[in-house]
Amino acid sequence: MPAIVLIGAQWGDEGKGKATDLLGSRVDYVVKFNGGNNAGHTVVVGDKKYALHLLPSGILTPGVTPVIANGVVVDVEVLFHELEALGSRGVDVSRLLVSANAHVITAYHRTIDKVTERFLGKRQIGTTGRGIGPAYADKINRVGIRIQDLFDEGILRQKVEGALDLKNHILVKVYNRRAIEAEQVVDDLLSYTERLRPMVADTSLVLDRALRDGKTVLFEGGQATMLDVDHGTYPFVTSSNATSGGAATGSGVAPNRIDRVIAVVKAYTTRVGAGPFPTELFDESGEYLRSKGFEFGTTTGRPRRTGWYDAPIARYTARINGVTDFVLTKLDVLTGLPTIPVCVAYEVDGVRVDEVPVSQSDFHHAVPVYEEFEGWTEDITGVRTFDELPAAAQRYVLALEEMSGSRISAIGVGPGRDAIVTRHDLLE
Ligand code: IMP
C-alpha cells in the first residue's frame, strides 16, 4: 500500500541515502521522478562504493524495481555508462524500467548548458553543466525528444532537425560556436535503441498496479526543496519540481495515493552553485563544517558553501511538501563545537520576519536572527538510541523539531549505513 515520497529539505546533498537505508528491504519500487544526472549520491554497499548520478539508488537493492519516470531527463549515454559500470561489478540491473515519456538529454543540451553559463558571466547559476536546464526548456517549449521517439527513426530525425533549427542559429551567431549536425545526434541516439527497448514501459500504469497489489513504492526526489523551479530560490534553482508535488506529476501517480512525505535535512546547511543563502559562513566555522562534513560535490567535486541550520527554511519545507517526518543527518559533524547557532528568524531591512520571504530581494537581504545552543564533546557515532545522546545534543534535536514543524523521526550520527538513531518508524 504505502507510497512514500523522499525529498531534500534544503539545497541538496542532505544525505537522502540514510533515509533510503532505513526503509531498506521494505521497499519494492524506487522511482526517480525529477532531474537527471545532475544528482549525485555515493552509495556504500558492503566494502564497495558506487557513485550514481542518474540511476535511482534502489538499483543496488536486490529485489527492488528501479524506475526512471516521466519527469526525469535522461542522458542515454550516461544511463548506459552507469548500467555497464554496475553490471561489471556484479549488480543485477535487469529490472530497471524507463518511462516512454521521459525526455532525453542530447549533445546539444549539454553544449547549450555550458555556453549559456559562460555567456552569463557574473550572473551564472553555477549549473552542473549536464544539459538539464536546456532539456527541460525544450520539454516546456514542446520541442523536446522523448524516449519513445527513439523507436521511430523518421519522427526522431524530424524532431531533432526541428529542435536544432533555431539552436544552431544561436550557437553560431550568438555564441560563435560550430553548428551541431542533426544526423550525428540522431545516429548517437539510435545506437541505444535496441538496448533501451526492453526497459521502456508505461511506468505510470506499472506503478498504479504495484500500489493496487499492496507494494511499497518510494519516490526519490533529486535535488531539494530550495532548488525547486517553483518553490526554490528562483532563478538559482534547478529546472524541475524537486518538491513532493513533483512526485505526482513526474510519475503519473495521483497525489491522493501518497501516504508519507519524508524530508531529509542536514543538522546545518550547505549549498552548491550561486544564489541566496542567509546563514552562509565565510569564517573558520564554515571551513570547519566543510572539512569535518566532507562537503564537496559528488557530481562536480566543487566545495560546498556551508552555514548554520535555518529553521524558517525547514518550516517552509514542511509546509510546501506536507512533510510527515524529518530525517536529520550529520549531527555528528557538530560534535566539538562549544556553541551551535541556529537561525530562528530573519531580519529584513530592520524588520523581523519568521517565514521565508516571498520576494527574491527580501531573501537576498535576509539577515539571520540566531539563537545559540550549547554544544557537546562526546563522540556520538556509536550511539543508536535517542536517550544515549548527550543531553545537549538531545536539546539541539528537540529544539529543531519544535521549530521545524514536523517530527524528527531519525537522526544520522555518522557516515556508516547503520549510524542512525531511530525515534519513530518512518512508515507508521
Ligand atoms: P542544474 O540542475 O545543473 O541546472 O543546476 C542548477 C542548480 O542546482 C545549481 O546551483 C546546481 O549546483 C544545483 N544542483 C543541481 N543538482 C544538485 C544536487 O544534486 N545537489 C545539490 N545541488 C544541485
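For ligands, and for the atoms within them, numbers begin at 1 and follow the listed sequence.
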Neighbour count above 12 (heavy atom, 6.0 Å) for H364 NE2: yes
Within-shell test, S239 vs ligand 1, heavy atom, strictly < 4.0 Å: no
Test log, rule ring pair (Phe, Tyr, Trp, His ring centres under 6.0 Å), inputs Y234 and F236: CA-CA 5 Å; Y234 190 90; F236 301 99; 9.0 Å; no
Nearest neighbour in protein (non-hydrogen) for atom 5 (O) of ligand 1: T127 CA, 3.3 Å
Those atoms of ligand 1 less than 4.0 Å from some heavy atom in W11: 21 (C), 22 (N)
Proximity flag R302 to ligand 1, non-hydrogen atoms under 4.0 Å: yes
Structural part of F236 in contact with ligand 1, heavy atom criterion under 4.0 angstrom: neither
Proximal candidate to atom 9 (C) of ligand 1 [heavy atom criterion; set G129, A224, G126]: G126
Ligand-residue contact atoms, ligand 1 with V272, heavy atoms, under 4.0 Å: 10 (O), 12 (O), 21 (C), 22 (N)
Atom 15 (C) of ligand 1 - nearest protein heavy atom and its distance: Q223 CG, 3.7 Å
Stacked cation flag R89 on Y50, 6.0 angstrom / 45 deg: yes
Over 12 foreign heavy atoms within 6.0 Å of CD, E77: no
Atoms in ligand 1 with a heavy atom of A39 nearer than 4.0 Å: 19 (O)
Contacting atoms of ligand 1, where contact means under 4.0 angstrom from a heavy atom of I125: 10 (O)
Over 12 non-hydrogen atoms of neighbours within 6.0 angstrom of CG in N176: no
Point-to-point distance, once rounded to the nearest 0.5 Å, from OH of Y288 to CG of L337: 4.5 Å
Whether over 12 other heavy atoms sit under 6.0 Å from E372 CD: yes
Proximity flag R130 to ligand 1, non-hydrogen atoms under 4.0 Å: no
Proximal candidate to atom 20 (N) of ligand 1 [heavy atom criterion; set D13, N38, T233, V73]: D13
Polar contact flag for T238 and ligand 1 (N/O pairs, less than 3.5 Å): yes
Top protein contact for atom 3 (O) of ligand 1, by heavy-atom distance: T128 OG1, 2.6 Å
Proximity of L227 to ligand 1 by residue part, where a heavy atom lies under 4.0 Å: side chain
Row check, F80 ring normal vs R195 NZ/CZ: under 6.0 Å, within 45°: yes
Any donor-acceptor pair under 3.5 Å from T329 side chain to G412 backbone: no
Region of V237 engaging ligand 1 - heavy atom pairs below 4.0 Å: backbone
CD (E181) with more than 12 external heavy atoms under 6.0 Å: no
